[in-house]
There are 2 protein chains.
Amino acid sequence: MPSEERRELVLDAAMTVFGDLGYAGATTDMIARAAGVSQPYVVRMFGTKEQLFLDVLGRALDAIMQAFRTAIAGDPDLPLQRRLGLAYFELTANRGILLCLMHAFALGADPVIGPAARCGFMEVYQLLREEGGMDAPEASEFLAGGMLANVVLGVRLFDDYDSDPAVQELMGAVFPEKLDLIRRSHPPLKAATPARGGVSAPPR
Amino acid sequence: MPSEERRELVLDAAMTVFGDLGYAGATTDMIARAAGVSQPYVVRMFGTKEQLFLDVLGRALDAIMQAFRTAIAGDPDLPLQRRLGLAYFELTANRGILLCLMHAFALGADPVIGPAARCGFMEVYQLLREEGGMDAPEASEFLAGGMLANVVLGVRLFDDYDSDPAVQELMGAVFPEKLDLIRRSHPPLKAATPARGGVSAPPR
DNA sequence: GTCTATACCAAGATAGAC
DNA sequence: GTCTATCTTGGTATAGAC
């Protein structure tokens with residue numbers, strides 16, 4: 001089987017694992033396992049874990065930009081905000097895309113990931129402004145909705161969907177008319193979530 | 001000096017370091033250094049790094065909830081959205097608060113941090129809904145703006161403020177009338193950010 | 001192109017002195 | 001209450017065989 005395909009497989013696996021655990025939390029070994037290859041092979045392919053993350057970030061950004069461009073060129077009978085919203089929603093089917101972006105966006109202080117994340121974030125903004133023809137308030141409002149969607153995804157709110165009416169209400173506001181779809185692609189990991197704990201006591 | 005004070009010092013340091021590097025990226029040694037104590041002492045105080053992060057998360061949530069409650073009870077001549085927006089903006093002065101929340105919100109898959117993050121997120125939503133008297137669309141719109149502000153903070157957009165007019169425009173939309181203030185409290189780390197790199201080549 | 005074996009280092013946690 | 005020293009694990013990266 002072609003090695004180019006292998007590479008794509010590893011990138012897919014990396015996107016999922018990085019998405020769930022973050023850059024530092026993920027290990028090259030988990031990624032290798034998820035892709036069905038050996039750990040040294042994944043670092044062989046990408047040089048370093050950091051470079052692998054940068055490649056994953058680039059791929060996530062490409063996915064968003066392409067989805068938005070397609071939406072902008074799409075059916076002119078729908079308003080642009082609506083078309084872009086739908087395109088964003090579809091990205092949601094692969095939560096790795098959005099979650100890796102969120103992790104990158106939270107790492108602005110990193111000397112190498114930070115600049116890449118800033119640059120990618122602004123690329124998306126510019127796309128909305130220039131190719132999408134939005135003005136600044138429109139673009140930032142659209143981005144804001146997207147960031148909230150990312151957080152809802154990242155925090156795994158669906159895990160509490162059944163047990164908490166407030167979650168149902170909020171998710172209904174964030175993903176209007178799309179609830180059934182999004183729940184199908186993100187099955188809960190475990191049962192209900194307990195209360196957040198109080199302050200820890202020193203041991204002994 | 002009282003050990004309770006020491007504990008606060010360590011929590012402050014942890015909030016900053018976790019905010020910049022994330023849960024997994026931060027080390028207890030960095031936190032200890034930042035607080036001016038020894039590494040074993042910080043794990044002694046909190047039991048585990050994980051528990052320390054949970055405590056920091058709880059403290060960040062408390063800060064937000066208290067700020068919102070104060071805003072809700074504040075000057076009734078200003079509209080509620082405005083009061084809450086100002087309160088949120090003031091939280092920005094300590095970026096650790098918001099950044100730790102973002103990191104936690106991106107770790108929903110974690111078996112112990114995930115539930116705490118979900119619970120905290122919903123607490124904030126419920127506060128807006130019940131004590132703030134917002135309806136679901138209002139609350140989610142407000143949250144969306146907050147999440148975008150978090151991302152702008154996390155990705156360190158101010159670092160490129162001088163060199164990129166688009167950054168100025170976007171930040172003007174996200175923090176209206178507050179730009180000078182926010183730039184003062186978040187001085188750039190380094191120079192300009194280069195383009196994001198292409199695909200990495202295998203070595204050798 | 002892909003693996004096994006392994007070197008090497010960093011980080012969380014423990015023991016125990018003061 | 002706080003430190004120094006250290007144990008132990010686990011994770012990235014390299015060497016080198018197939």
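In what follows, chains are A, B, ... by sequence order, proteins preceding strands, each numbered from 1. All values derive from a computational prediction rather than experimental measurement. Side chains are part of it too, since the values below use all heavy atoms of this structure and drop only hydrogens, waters and symmetry mates.
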- request: Name the nucleic acid region contacted by A32(B), choosing base, sugar-phosphate or nothing; use a 4.0 angstrom heavy-atom cut-off, strictly under.
  value: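 If one applies the 4.0 Å heavy-atom cut-off, A32(B) turns out to touch nothing in the nucleic acid.
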[N] [atom2] sits how many Å from [X] [atom1], rounded?
X: D29(B); N: dA13(C); atom1: CG; atom2: P; result: 13 Å
X: R7(B); N: dG1(D); atom1: CZ; atom2: P; result: 11 Å
X: K49(A); N: dT14(D); atom1: NZ; atom2: P; result: 15 Å
X: I31(B); N: dG12(C); atom1: CD1; atom2: C1'; result: 11 Å
X: L9(B); N: dG1(D); atom1: CG; atom2: P; result: 16 Å
X: F46(B); N: dG12(C); atom1: CZ; atom2: C1'; result: 15 Å
X: L52(B); N: dA13(C); atom1: CG; atom2: P; result: 10 Å
X: R33(B); N: dA10(C); atom1: CZ; atom2: P; result: 12 Å

- prompt: For dG11(D), does either OP1 or OP2 sit under 4.0 Å from a side-chain N or O belonging to T28(A)?
  reply: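 So the side chain of T28(A) is outside the cut-off, no N or O lying under 4.0 Å from OP1 or OP2 of dG11(D).
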message: Closest approach to the side chain of S3(A), judged atom by atom: which nucleotide of dA11(C), dG1(C), dA13(D) is it?
response: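 Of dA11(C), dG1(C), dA13(D), dG1(C) is nearest to the side chain of S3(A).
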query: Out of dG11(D), dA13(D), dA11(C), which has the shortest distance to the side chain of T27(A)?
result: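 Output: dG11(D).
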Please enumerate all protein N or O atoms sitting under 3.5 Å from an N or O of nucleotides 3-8 of chain C, with distances to 0.1 Å.
{"unit_1": "dC3(C)", "atom_1": "OP2", "unit_2": "S38(A)", "atom_2": "N", "d": "3.1"}
{"unit_1": "dC3(C)", "atom_1": "OP2", "unit_2": "S38(A)", "atom_2": "OG", "d": "3.0"}

- request: Determine, using ring centers only, whether F158(B) and F175(B) are less than 6.0 Å apart.
  value: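 That pair fails the under 6.0 Å test.
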- prompt: In this structure, which one of T16(B), N150(B), D20(B) forms a side chain to side chain donor-acceptor pair (under 3.5 Å) with R95(B)?
  reply: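 Testing R95(B) for a side chain to side chain donor-acceptor pair (under 3.5 Å) against T16(B), N150(B), D20(B) leaves exactly one candidate, D20(B).
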task: Determine, step by step, whether R196(B) and D62(A) satisfy the salt bridge (Lys or Arg N to Asp or Glu O under 4.0 Å) criterion, reporting the C-alpha distance in whole Å, the side-chain angles of both residues, the deciding distance to 0.1 Å, and the verdict.
output: CA-CA 12 Å; R196(B) 69 174 162 107; D62(A) 288 345; 3.3 Å; yes
query: Salt bridge between D55(A) and R59(A), side-chain N to carboxylate O under 4.0 Å?
result: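 R59(A) and D55(A): not salt-bridged.
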task: Answer yes or no: is there a side-chain heavy-atom contact under 4.5 Å between F121(A) and L61(A)?
output: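 No - every pair of side-chain heavy atoms lies 4.5 Å or more apart.
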message: Do K49(A) and F18(A) form a cation-pi contact, if we require the NZ or CZ to be under 6.0 Å from the six-membered ring centre and within 45 degrees of the ring's axis?
response: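 Geometry flag: not set, cation outside 6.0 Å or 45°.
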